[in-house]
A.B. asks: 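Dumping the structure here so I can ask a few things about it.
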Amino acid sequence: ECAVLVCAWPPCRPQIESVPFSTSLVLDRSDVKWAGNLEHPYYMYPVHVSRVILYTTTLASALYLLLLRFLGRRYKEVVRLVD
């Protein structure tokens with residue numbers, strides 16, 4: 001069985017002057033308030049046997065994945081996750 005382990009730090013977009021609409025994200029590990037509110041510092045996403053689909057096991061992991069996809073401007077994937 002495969003799974004993806006993702007740190008639960010808050011994602012933010014770095015300011016790149018040459019690419020103002022970048023989809024790059026970095027994780028802000030200096031946000032102690034965010035870290036203090038986490039039940040777990042990571043999320044584990046089981047991967048389907050086809051290795052195409054991620055499963056979300058908790059509401060928190062689903063919302064974090066939704067946030068990452070939204071900030072990455074993957075709107076079709078956001079809609080699929082919400083449905």
Side-chain angles (χ1 to χ4, degrees):
E1 181 176 314
C2 290
V4 176
L5 182 67
V6 178
C7 317
W9 292 102
C12 58
R13 193 176 315 284
Q15 293 203 354
I16 306 170
E17 290 184 24
S18 60
V19 187
F21 298 108
S22 167
T23 57
S24 298
L25 296 173
V26 294
L27 301 178
D28 181 9
R29 298 185 311 172
S30 66
D31 193 337
V32 240
K33 185 177 178 183
W34 174 287
N37 290 318
L38 291 174
E39 186 175 339
H40 301 287
Y42 60 86
Y43 294 115
M44 183 78 75
Y45 297 101
V47 179
H48 187 266
V49 178
S50 66
R51 297 187 184 213
V52 176
I53 301 168
L54 290 178
Y55 293 112
T56 55
T57 54
T58 64
L59 176 61
S61 68
L63 291 173
Y64 190 73
L65 183 60
L66 183 74
L67 174 65
L68 291 176
R69 289 180 175 176
F70 185 76
L71 290 175
R73 296 191 173 100
R74 297 178 173 195
Y75 302 121
K76 288 181 182 179
E77 293 176 24
V78 170
V79 170
R80 274 198 306 251
L81 187 58
V82 170
D83 280 343

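Residue numbers run from 1 in the order of the sequence given.
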A.B. asks: Is it possible for you to say whether Leu38 and Tyr45 belong to one hydrophobic cluster, with membership spreading through side-chain heavy-atom contacts below 4.5 Å?
C.D. replies: yes
A.B. asks: State, with a plain yes or no, whether a side-chain heavy atom of Arg13 is found less than 4.5 Å away from one of Leu25.
C.D. replies: yes
A.B. asks: What side-chain donor-acceptor pairs closer than 3.5 Å can you find for residues 66-83, not counting sequence neighbours?
C.D. replies:
residue : atom : partner : partner atom : Å
Arg69   : NE   : Glu77   : OE1          : 3.4
Arg73   : NH1  : Phe21   : O            : 3.0
Arg73   : NH1  : Ser22   : O            : 2.7

A.B. asks: Going by side-chain hydrogen bond (donor to acceptor under 3.5 Å, both in side chains), name the residues that satisfy it together with His40, two or more places apart in sequence or in a different chain.
C.D. replies: none
A.B. asks: Keeping the roles fixed (side chain from Trp34, backbone from Ala8), state whether a donor-acceptor pair exists under 3.5 Å.
C.D. replies: yes
A.B. asks: Does Tyr64 use its side chain to pair, donor to acceptor, with the backbone of Tyr42 at less than 3.5 Å?
C.D. replies: no
A.B. asks: Sequence neighbours left out, what passes side-chain hydrogen bond (donor to acceptor under 3.5 Å, both in side chains) with Asp31? Give chain and number order.
C.D. replies: none
A.B. asks: Not counting sequence neighbours, which residues clear side-chain hydrogen bond (donor to acceptor under 3.5 Å, both in side chains) with Thr56? List them please.
C.D. replies: none
A.B. asks: Residues in side-chain contact (heavy atoms from CB on, under 4.5 Å) with Val26, at least two apart?
C.D. replies: Cys12, Pro14
A.B. asks: So do Leu54 and Val47 actually touch side chain to side chain, heavy atoms under 4.5 Å?
C.D. replies: yes
A.B. asks: Same hydrophobic cluster for Val4 and Leu27, using side-chain heavy-atom links shorter than 4.5 Å among ILVMFWY?
C.D. replies: yes
A.B. asks: Between atom OH of Tyr43 and atom CG of Leu5, what is the distance when rounded to the nearest 0.5 Å?
C.D. replies: 12.0 Å
A.B. asks: Apply side-chain hydrogen bond (donor to acceptor under 3.5 Å, both in side chains) to Ser18 and list each qualifying residue two or more places apart in sequence or on a separate chain.
C.D. replies: none
